[in-house]
Amino acid sequence: MPNDFKKVEDARRFGRGGILGFASVLAKQSGASRTSPILRGTFISEVLLGEKLPKPPKDVPDLPDAEATEHLTMREITEKHVTDPRCAGCHARIDPYGFALENFDAIGAWRTRNESGAPVD
């Protein structure tokens, strides 16, 4: 059976990206209408790397709805959120993983522009 495997040059060209590129994995770690670097980063940290992250503080508000932030990139929205020092520590651990997957949309399709047409940041 292992002899059936073959190396694929330029895997991204064929829409492949390993388990983190599966549409089902990416969709599960997204919001209803947009990507979520926070959910995706948390999934990688906790499930794949086995890190235990603390629960977010109770009085920290959720990120605003997509309609309220149409002109902002997901990175800009998240950066505004992490100005709270209680949030910054965990976000420093999870955001890099989540932002590494931002080129995948909410259902796992590769993209170079976000929902508002701006380049993916």
Side-chain angles (χ1 to χ4, degrees):
M1 188 66 94
N3 293 332
D4 295 339
F5 291 109
K6 64 179 181 178
K7 184 175 181 177
V8 177
E9 302 293 334
D10 193 14
R12 189 170 288 148
R13 188 174 120 208
F14 298 105
R16 298 181 181 155
I19 191 169
L20 293 177
F22 285 6
S24 58
V25 172
L26 293 164
K28 175 80 170 120
Q29 311 314 324
S30 291
S33 62
R34 66 176 182 197
T35 62
S36 176
I38 297 167
L39 291 177
R40 290 176 175 179
T42 301
F43 171 77
I44 292 171
S45 292
E46 292 187 337
V47 175
L48 300 181
L49 300 177
E51 293 182 21
K52 181 66 178 147
L53 298 172
K55 298 268 186 222
K58 291 183 187 233
D59 58 340
V60 174
D62 290 335
L63 294 178
D65 291 334
E67 295 80 31
T69 58
E70 285 182 11
H71 63 286
L72 299 174
T73 66
M74 184 52 70
R75 186 177 298 273
E76 292 168 334
I77 295 167
T78 305
E79 285 174 352
K80 285 177 72 173
H81 172 76
V82 299
T83 56
D84 186 330
R86 298 171 298 161
C87 303
C90 283
H91 279 278
R93 293 167 54 191
I94 62 175
D95 289 351
Y97 299 130
F99 283 118
L101 299 173
E102 265 301 278
N103 279 105
F104 292 101
D105 69 10
I107 58 168
W110 184 260
R111 66 186 182 160
T112 56
R113 301 206 169 267
N114 65 18
E115 295 81 7
S116 64
V120 172
D121 181 13

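Along the sequence shown, the residues carry numbers beginning at 1.
Side-chain contact between P54 and C90: present, with at least one pair of heavy atoms (C-beta onward) separated by less than 4.5 Å.
Legend: residues meeting side-chain contact (heavy atoms from CB on, under 4.5 Å) with V82, ordered by chain and number and at least two apart, are T78, H91, D95. Every residue meeting the side-chain contact (heavy atoms from CB on, under 4.5 Å) condition with S36, not counting sequence neighbours, appears here in chain and number order: I38, L39. Taking S30 as the reference, R40 meet the side chain to side chain donor-acceptor pair (under 3.5 Å) condition, with sequence neighbours excluded. Considering only residues two or more places apart in sequence or on other chains, E79 meets the side-chain contact (heavy atoms from CB on, under 4.5 Å) condition with R75. Take E51 and apply the salt bridge (charged side-chain N to carboxylate O under 4.0 Å, His left out) test, not counting sequence neighbours, and it matches R93. The side-chain contact (heavy atoms from CB on, under 4.5 Å) test applied to A118 returns N114, S116, not counting sequence neighbours.
Considering CG of L49 and CD1 of I94, their distance stands at 12.0 Å, rounded to 0.5 Å. One distance of note links CG of N103 with CG of L26; it measures 11.0 Å at 0.5 Å rounding. Once rounded to the nearest 0.5 Å, the distance linking CG of L20 with OH of Y97 reads 11.5 Å.
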**Study point:** Worked verdict on D59 versus R86 for side chain to side chain contact (heavy atoms under 4.5 Å, CB included)
**Key:** CA-CA 10 Å; D59 58 340; R86 298 171 298 161; 2.7 Å; yes
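Of all the heavy atoms in F43 and V25, the pair that sits closest is CE2-CG1, 3.8 Å. I107 and A23 get closest at one heavy-atom pair: O-CB, 3.0 Å.
Residue pairs meeting the salt bridge (Lys or Arg N to Asp or Glu O under 4.0 Å) criterion with at least one partner in residues 99-110, sequence neighbours excluded, are E102-R111.
Taken together through direct or relayed side-chain contacts under 4.5 Å among Ile, Leu, Val, Met, Phe, Trp and Tyr, W110 and V120 form parts of separate hydrophobic clusters.
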